[in-house]
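A, B, ... follow the sequence lines: proteins, then strands. Residue 1 opens every chain. Keep in mind the model is a prediction, meaning the values are calculated, not measured.
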Protein chains: 2
Amino acid sequence: MHLSMVFNNSGRKVRQGKIMARSDTRFREAFNHLLDFCATMPAGAELPAEATLSEAAGVSRTVVRRCLTRMADLGIVAWDGRAKHLLRAPLTADRIALPDTSGGRDQLEKRFLDWVLRFDVPADTPLSVAELARTFDVAPHDLKEFLASLSRFGLVARRPRGGWILRGFTKDFAIELSDFRLILELDAIAKVAEAPVDHPVWQRLAELRAAHLALADRIATDFHEFSKLDEAFHEAINSVVRNRFMAESQKVISLIFHYHYMWDKTHEMDRNLAAINEHLAVIDALEARDAPRACEAARQHLRTSKSTLLSSLRHHALG
Amino acid sequence: MHLSMVFNNSGRKVRQGKIMARSDTRFREAFNHLLDFCATMPAGAELPAEATLSEAAGVSRTVVRRCLTRMADLGIVAWDGRAKHLLRAPLTADRIALPDTSGGRDQLEKRFLDWVLRFDVPADTPLSVAELARTFDVAPHDLKEFLASLSRFGLVARRPRGGWILRGFTKDFAIELSDFRLILELDAIAKVAEAPVDHPVWQRLAELRAAHLALADRIATDFHEFSKLDEAFHEAINSVVRNRFMAESQKVISLIFHYHYMWDKTHEMDRNLAAINEHLAVIDALEARDAPRACEAARQHLRTSKSTLLSSLRHHALG
DNA sequence: CTCAATGTATTTAATAATTTGATTCAGTCG
DNA sequence: CGACTGAATCAAATTATTAAATACATTGAG
């Protein structure tokens, strides 16, 4: 077996029996890259300087030198100081296997919120970093970093004696979240009303109006499609706000509302039909450039939304 | 030398020559606590069960047993299974020294922002976790956690190839921060205007009005005192908002504005006097329960504040 | 016998140690 | 002299180790 990452029976990353304290993915990628580079050259050709190679592969010279060492070991190049020339054309067998790069760092957020909301983890649940890291198949310390980033939203907190707790979706959390959302969204509405006629939001709103009307027609059967429409609607409204703080906040807010929408199944069709009409009222007012009316319509919609969120919490707590 | 944490010449935490992978502060505290507990008992008395002791000391049984082992080693107690009785009264010399608990986790935030703002670290500066950890005298991984928590505010970000960068106080950052502040604060103003007469905010505003008037009188000499007054004023306004999201946001916002106030020294006295009057206008309108006027006054003040922030950035960038 | 207390094993969180990779700097060959 | 190499240094990522908590098994006094 050639130099490649495998897992031994204790599950640790090893290379030729030696435990690796850090993955050498960069080296692997660079090595394959350099093999490709060599393949474009005739046998016997002189290779360029280390610095040139490192720039070509997008890595440091240190990695290039490790690659060269290995290529010399495999008899692909002869390397002595500045003199390095190609001995033979590289083969497919020379390549190093790359580890799975399934690491979607942004997806961890979605998966985590999904887990919290779907399994209805109660407030003040102690979170085990080790266990979560296992279930999400990420390194414990990556998960810790993620939890730390969530702590600013008050969603999780450090325990005094170490560890983490999920502050959870209590009634207070829901109320404060809704209030926060109201403020951000009313501002967005005001900004939409002032947007120039050639702003893409108007096109988007026209599309959304059509989609809303279409769904209203077949609401009896497709009412569960509303959740996606709701998300799209609020996203369109908030897209006019170019503000990193509000955008970051809205990201979490929309996720939470999205999931809670899917929870509460009581009168779902009626609720969704009502919400469609509320959305349409907002769109109407906006297209008429009637900012006060749009704000009032949005306020009404968010009020409904808030009470839905609260009642879904109640039902959930009771069930 | 008895069992106590010291630092060897390489600066690592050691205990009797052995390197500790984790601090044993809990054990030390519990040990001293149990000594105090024993001091209240007569010599020869029987000690309660391990579980009882652990509850009393607020630690797990594991730690209690370690303490008992040590107390037996020192000849303070005789311990054999359930039989454990006090042999002699504990002495001061039996106690274990505690490591410095200078760990103010909340203070790290202030110190970090202070560093960023005081030394005018430019945008997109790579941050070295190791170096920062040294300058702030905290463990590298604590600092990493802290950076992760700041990343939600867009203040720092991960670099694609590892490490962190300070996104920094660019013009865009300042504008977006100001806009965000405006929205949060106008909401707070509206809430103050609706606050009941017995709400503590009214008392606070009355005090602040007096403080503002007093400072206005001696503005020629004490104009630099305004920075604190400004912070107090905005804090009072925002104190009526009971919302974790807004509170967390305001914490960072006020810090940033606070430091920037201290930067820009051009026309400082004039600016501060103007700001005092703007504050007073807001207080006047609020006490008259005139919400629209209060909002307009606040809007005016925040507009001034925003342009001050922007001009301080400009001066700084040029200097 | 019972059950409360102890003894032991397993797990987790904190943190040190180790390895990969980037960078710096002095030396060297053309 | 100047571009390149070689070696040393430093930081970041990741494993390994230790302290402490918890879960489980065992024992002994009533």
Side-chain angles (χ1 to χ4, degrees), chain A residues 10-15 18-30 47-54 57-69 79-84 126-134 138-145 147 158-159 161-164, chain B residues 5 10-15 18-30 47-54 57-68 79-84 126-134 138-145 147 158-159 161-164:
Chain A
S10 74
R12 294 187 208 125
K13 288 175 189 170
V14 296
R15 187 190 74 214
K18 203 174 169 188
I19 290 169
M20 297 169 65
R22 178 176 168 175
S23 68
D24 57 356
T25 314
R26 309 220 55 205
F27 160 67
R28 285 150 192 276
E29 283 175 356
L47 293 182
E50 292 173 9
T52 314
L53 292 172
S54 72
V59 292
S60 72
R61 262 184 61 218
T62 312
V63 177
V64 168
R65 302 181 106 243
R66 231 182 110 184
C67 293
L68 285 172
T69 306
W79 183 30
D80 180 41
R82 301 181 188 200
K84 36 187 185 299
L127 297 175
S128 156
V129 171
E131 195 183 324
L132 288 177
R134 265 194 309 264
V138 294
H141 94 272
D142 280 342
L143 199 109
K144 233 185 85 171
E145 195 174 305
L147 288 179
R158 287 222 88 147
R159 270 192 304 187
R161 294 286 191 209
W164 298 84
Chain B
M5 189 186 292
S10 74
R12 294 186 208 124
K13 288 177 188 170
V14 295
R15 188 190 72 212
K18 203 173 169 187
I19 291 169
M20 297 168 67
R22 178 176 169 174
S23 66
D24 57 355
T25 313
R26 310 220 54 206
F27 161 66
R28 286 150 192 275
E29 282 175 356
L47 294 181
E50 292 173 9
T52 313
L53 292 172
S54 73
V59 293
S60 72
R61 263 183 61 218
T62 310
V63 177
V64 168
R65 302 181 107 243
R66 236 182 107 184
C67 293
L68 286 172
W79 182 28
D80 180 42
R82 301 181 187 198
K84 38 185 185 298
L127 297 175
S128 158
V129 171
E131 196 182 324
L132 288 177
R134 266 196 305 268
V138 295
H141 101 274
D142 279 342
L143 199 110
K144 231 184 87 172
E145 196 174 304
L147 289 178
R158 287 221 87 143
R159 271 193 304 189
R161 293 287 190 209
W164 298 84

>> Should the side chain of A:Arg61 and the base of D:dG6 be counted as holding a donor-acceptor pair, with the cut-off at 3.5 Å?
In response: yes
> Atom CH2 of B:Trp164 to atom P of D:dA12: distance rounded to whole Å?
Replying inline: 11 Å
> So how far is it from A:Leu143 CG to A:Trp164 CH2, rounded to the nearest 0.5 Å?
Replying inline: 9.5 Å
> What is the nucleic acid contact for A:Ala130, judged by heavy atoms within less than 4.0 Å: base, sugar-phosphate only, or nothing?
Replying inline: sugar-phosphate
>> Between C:dT12 and A:Arg134, counting only base atoms on the nucleotide and side-chain atoms on the residue, is there a donor-acceptor pair under 3.5 Å?
In response: no
>> Here's a test of your reading of the structure: between B:Val59 and B:Arg161, which maps to the more 5' nucleotide of DNA chain D?
In response: B:Arg161
> Which part of the nucleic acid, if any, lies within contact of B:Ser128, taking any heavy atom under 4.0 Å across all strands shown: a base, the sugar-phosphate backbone alone, or nothing?
Replying inline: sugar-phosphate
>> Rounded at 0.5 Å granularity, tell me how far CZ in B:Arg159 sits from CG in B:Leu127.
In response: 8.5 Å
> Taking CZ from A:Arg82 and C1' from C:dT28, how many angstroms apart are they, rounded to a whole number?
Replying inline: 6 Å
>> For a quick check, tell me whether the side chain of A:Arg65 and the base of C:dG21 share a donor-acceptor pair closer than 3.5 Å.
In response: no
> Can you tell me how far P of C:dT6 sits from CG of B:Asp80, to the nearest Å?
Replying inline: 12 Å
>> Just the rounded figure in Å: distance from C1' of C:dG21 to CG of A:Leu68.
In response: 15 Å
> Are B:Lys84 and B:Asp80 within salt-bridge range, i.e. N to O under 4.0 Å?
Replying inline: no
> A:Lys84 NZ to C:dG30 C1': how many Å, rounded?
Replying inline: 14 Å
>> For a quick check, tell me whether the side chain of B:Arg22 and the base of C:dA13 share a donor-acceptor pair closer than 3.5 Å.
In response: yes
>> Could you tell me how far apart B:Arg66 (CZ) and C:dT6 (P) are, to the nearest whole angstrom?
In response: 19 Å
> Would A:Glu145 and B:Arg158 satisfy salt bridge (Lys or Arg N to Asp or Glu O under 4.0 Å), going step by step from the backbone distance to the final call?
Replying inline: CA-CA 11 Å; A:Glu145 195 174 305; B:Arg158 287 221 87 143; 2.4 Å; yes
>> Let me confirm one number: the NZ-NE2 distance from A:Lys144 to A:His141, rounded to the nearest 0.5 Å.
In response: 9.5 Å
>> From CD of B:Glu50 over to C1' of D:dT27, roughly how many Å is that when rounded to an integer?
In response: 13 Å
> Hey, does A:Arg158 reach any base, or is it just sugar-phosphate, or nothing, if we go heavy atoms under 4.0 Å?
Replying inline: sugar-phosphate
> With a non-hydrogen cut-off below 4.0 angstrom, is A:Leu127 in contact with a base, only sugar-phosphate, or nothing?
Replying inline: sugar-phosphate
> Going from CG on B:Leu68 to CZ on B:Arg66, what distance comes out if it is rounded to the nearest 0.5 angstrom?
Replying inline: 12.5 Å
> Phosphate oxygens OP1/OP2 of D:dT14: is one of them under 4.0 Å from a side-chain N or O of A:Ser23?
Replying inline: yes
> Between C:dA14 atom C1' and B:Leu143 atom CG, what is the distance in whole Å?
Replying inline: 16 Å
> Starting at the 5' end of DNA chain D, which residue's closest nucleotide do you reach first, B:Lys144 or A:Pro48?
Replying inline: A:Pro48
>> Need to verify one output field. Residue with the more 5' nearest nucleotide on DNA chain C, B:Asp142 or B:Thr52?
In response: B:Thr52
>> Please determine whether any donor N or O and acceptor N or O are separated by less than 3.5 Å between the side chain of B:Thr62 and the base of D:dT22.
In response: yes
>> At 4.0 Å (heavy atoms only), tell me whether A:Ala49 reaches a base, stays on the sugar-phosphate, or touches nothing.
In response: sugar-phosphate
